[in-house]
S.K.: 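This is the structure, below, for whatever I ask next.
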There are 2 protein chains.
Amino acid sequence: MGKDERVIGIKDVAKAANVALATVDRVIHNRAGVSKKTKEKVLKVIDKMGYQPNILASNLSKSKKIVLGVLLPEISEESGYWEFPMKGIIKAQKELAQYRIKIKIYNFKQNNNEEIRKRILELINSDIQGLILTSKFADEIEILLADCKQKNRPYVFIDSNIRKIDSLCSIQQPLFESGELAAQLFNYCFTKGEILILHLKKTMDTEDIIGLKEKGMNAYLSDNNQAIVTKSLIIPDFNENGFENVLTKTLGDNPQIKGIFIPNSKVAYIAKYFKKREGKKIYLIGYDFFYDDIEFLENNIIDFLICQRPEEQGYLAVVKLFEHLILKKEVEKEIIMPLDIITKKNYKYY
Amino acid sequence: MGKDERVIGIKDVAKAANVALATVDRVIHNRAGVSKKTKEKVLKVIDKMGYQPNILASNLSKSKKIVLGVLLPEISEESGYWEFPMKGIIKAQKELAQYRIKIKIYNFKQNNNEEIRKRILELINSDIQGLILTSKFADEIEILLADCKQKNRPYVFIDSNIRKIDSLCSIQQPLFESGELAAQLFNYCFTKGEILILHLKKTMDTEDIIGLKEKGMNAYLSDNNQAIVTKSLIIPDFNENGFENVLTKTLGDNPQIKGIFIPNSKVAYIAKYFKKREGKKIYLIGYDFFYDDIEFLENNIIDFLICQRPEEQGYLAVVKLFEHLILKKEVEKEIIMPLDIITKKNYKYY
DNA sequence: CTGAAAGCGCTTACAG
DNA sequence: CTGAAAGCGCTTACAG
């Protein structure tokens, strides 16, 4: 006890294999300039002695910084969501600063294609060594991904929509399953009636994201309770007030509607509407948890929010690139985030 | 871009302050043997240059290993829960092995006071530099805590029941609030009737843990829906079969019971009972998520499980001791874990 | 293809 | 009270 057994290092390997330190280093990093014979000899010794590289020492003696690019929408009122992944990214950056990791942000306004293209070109012409992005705007980024592939730059998707492509790692949300979950929760609230699925457009969500959630919801209902059905309402040019009349009409025409499912992060707008509205309780389930939602959770206007740990996603993206680039670890191709359920009674600890 | 601005180090400080490296080191670590005048001079320079110590280098040059003791129940059938914190602890250990952190496990059989005392004595006589434990068996550990205090050994509670004492950090579960949450969930399932609170004894849970959850549940109900009330059933010498008769009788006598709340991790035993039982649906809410629960979630026998990220708790405990002992960081006194809600439709991603 | 030596930014005896 | 020097386990030119 207390006797600190020495960890075996490159020096011990060199001595045992009867070569110089530099040679062991070359073998470890698979660098050219070692004869087959020497290489084999060294590898055998490494294996036998159970040598494990000391990353602290390795990093200390290295000099070059590693820059990771982050291509994400800027945080604005209509894309407040991105605040959370960014927080996680910043947190990871702070923790890893000692390991020569640097982050460079490439922001763009959502839906501003011109700006996106600009950022993409900047990234292509940069000397970043890894990239974090989201899969939500597929068309624009194909060229960037091709460039990364060619330059062997690893990239990680967050908030990803099942794209295996050649990313180092894809951090995903189970969309279909989140729709099933929402259906299950509605089914605890009422056992027959209709769920209105609100498609609020003019956001960055692509149709298949909403579509998958909707499919999951319908799959659950047809398996478990056919007395609940869904109806879709599309509000094409969504803004804070424009939807009120059409929603009022829809609810008036369809008194059997008992719940509303808002498959993106805009539930607070709908909740605001219900705050003013008279009439029987309608259950509300949405996505993501914002400060603005608290009031409506407290007032029983929003019942459940399904969340994807966005902060953790950003954090993990940086960590996975770090593990790959610095620790040379194997990184899992897919990370599937849990589906967290937020209610009035547990949001405080989220 | 790419130009690697040099980080300023101890050497730069020494030069600027016109002293030797060792002196700067002494000042940084507040070691004795520096004149007031020199110390002030060095501190001023450190402040002006914005010097930040390089922990990698610091760790590399240090030699002594840091051993953390872990005093937790061994993993057995009746205390399977502890598998999860242990997993988190092992994970953290692996990640921090490079930083000279070592873990030493001190296991004991639950309820075996003799063994607990033995382990406590071993810990007192060991040279550990930090301790991880749980607050669930208060009486036995007071002497150990007193010893830690005296030796200035930091300790961290996981699965903690609001004990601020002098721990470095207390990783807590909001018990009262979890009872409120369970009540809220029951209230989505039915709007009048009775909730049976099952006290299954012969576990390590102390009465106040169950009691707080019960209080939370009643508080929610009296605030939100007085048409739902609770009833307690105590099963003193709980084992897998002994409870069946009394439960059957209770349910027979009280047809108004619509839900059962099991405020510890034994819900699977109750679910097994309901699997065989005929009759109307009774909603079940329990704590913690085990492999055995899956079947019952899938069959709609267990409706909700409230979980506390036990793995993360173990992980965090090690990390906090690491931050305190090695990184010399300020550590938050309290970490409150989120209340995760697990259902049939999201357990797969937990 | 191989090796000796300096250096990364600290800590730790040791000498004065 | 202060400093010079060796060393932690690697990487990186440089020389051969």
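Chain identifiers are assigned alphabetically (A, B, ...) following the order of the sequence lines, protein sequences preceding nucleic acid strands; residue numbering begins at 1 within each chain. Note that the structure is a prediction, hence the values are computed from the model and not measured.
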S.K.: Measure the spacing between CG of B:Leu96 and OH of B:Tyr315 and express it to the nearest 0.5 Å.
M.R.: 6.5 Å

S.K.: Looking at A:Lys151 and A:Ile124, would you say the former's side chain and the latter's main chain have a donor-acceptor pair under 3.5 Å?
M.R.: yes

S.K.: What stem regions, each of at least 3 consecutive Watson-Crick or G-U pairs below 3.5 Å, can be found for DNA chain D?
M.R.: C:1-3 with D:14-16, C:5-12 with D:5-12, C:14-16 with D:1-3

S.K.: Hey, what do you get for CD1 (B:Ile171) to CD (B:Glu334), rounding to the nearest 0.5 Å?
M.R.: 11.0 Å

S.K.: From B:Gln308 CD over to B:Ile158 CD1, what is the distance, rounded to the nearest 0.5 angstrom?
M.R.: 12.0 Å

S.K.: I need the CD-C1' distance between A:Gln52 and D:dG9, as an integer number of Å.
M.R.: 14 Å

S.K.: Name the closest nucleotide to the A:Thr23 side chain, picking from C:dC8, C:dT2, D:dT2.
M.R.: C:dT2

S.K.: For the CD atom on B:Glu332, are there more than 12 heavy atoms of other groups (residues, nucleotides or ligands in this structure) within a distance under 6.0 Å?
M.R.: yes

S.K.: Report yes if at least one side-chain N or O of B:Ser35 is closer than 4.0 Å to OP1 or OP2 of D:dC1; otherwise report no.
M.R.: no

S.K.: What is the distance from CG of B:Leu60 to C1' of D:dC10, rounded to the nearest Å?
M.R.: 8 Å

S.K.: What nucleotide among D:dC14, D:dC10, C:dC10 has an atom nearest to a side-chain atom of A:Arg26?
M.R.: D:dC14

S.K.: From C:dG3, C:dC8, C:dC10, pick the nucleotide closest to the side chain of A:Val19?
M.R.: C:dG3

S.K.: Under 4.0 Å between a side-chain nitrogen and a carboxylate oxygen: does that hold for B:Asp340 and A:Arg309?
M.R.: yes

S.K.: Distance check: side-chain N/O of B:Lys37 vs OP1/OP2 of D:dC1, anything under 4.0 Å?
M.R.: no

S.K.: Taking the side chain of B:Lys11 as its heavy atoms from C-beta onward, which of D:dC8, C:dG9, C:dC8 lies nearest to it?
M.R.: C:dC8

S.K.: To the nearest angstrom, how far is A:Ile10 atom CD1 from C:dG3 atom P?
M.R.: 13 Å

S.K.: Once you round it to whole Å, what is the distance between C1' of C:dC8 and CG of B:Leu56?
M.R.: 10 Å

S.K.: Can you see if the side chain of B:Ser61 gets near the phosphate of C:dT12 - specifically, an N or O under 4.0 Å from OP1 or OP2?
M.R.: no

S.K.: Supply the atom-to-atom distance B:Leu60 CG to A:Leu60 CG, rounded to the nearest 0.5 angstrom.
M.R.: 6.0 Å

S.K.: Kindly point out which of C:dC8, D:dC1, D:dA13 is positioned nearest to the side chain of A:Ala22?
M.R.: D:dA13

S.K.: Return the value, rounded to whole Å, for the distance between atom CZ of A:Arg100 and atom C1' of C:dG9.
M.R.: 14 Å

S.K.: OP1, OP2 of C:dG7 versus side-chain N and O of A:Lys62: anything below 4.0 Å?
M.R.: no

S.K.: In whole angstrom, give the distance that lies between atom NZ of B:Lys15 and atom P of D:dG3.
M.R.: 15 Å

S.K.: In this structure, how many angstroms lie between the C1' atom of D:dG9 and the CD1 atom of A:Ile55, rounded?
M.R.: 12 Å

S.K.: For B:Ile28 and D:dT2, what is the distance between atoms CD1 and P respectively, to the nearest whole Å?
M.R.: 15 Å

S.K.: Is there a salt bridge (charged side-chain N to carboxylate O under 4.0 Å, His left out) between A:Arg119 and A:Glu115? Walk through the geometry before answering.
M.R.: CA-CA 6 Å; A:Arg119 292 296 98 78; A:Glu115 211 181 15; 3.7 Å; yes

S.K.: Closest nucleotide of DNA chain D for B:Leu21 versus for B:Ala57: which of these residues is on the 5' side?
M.R.: B:Leu21

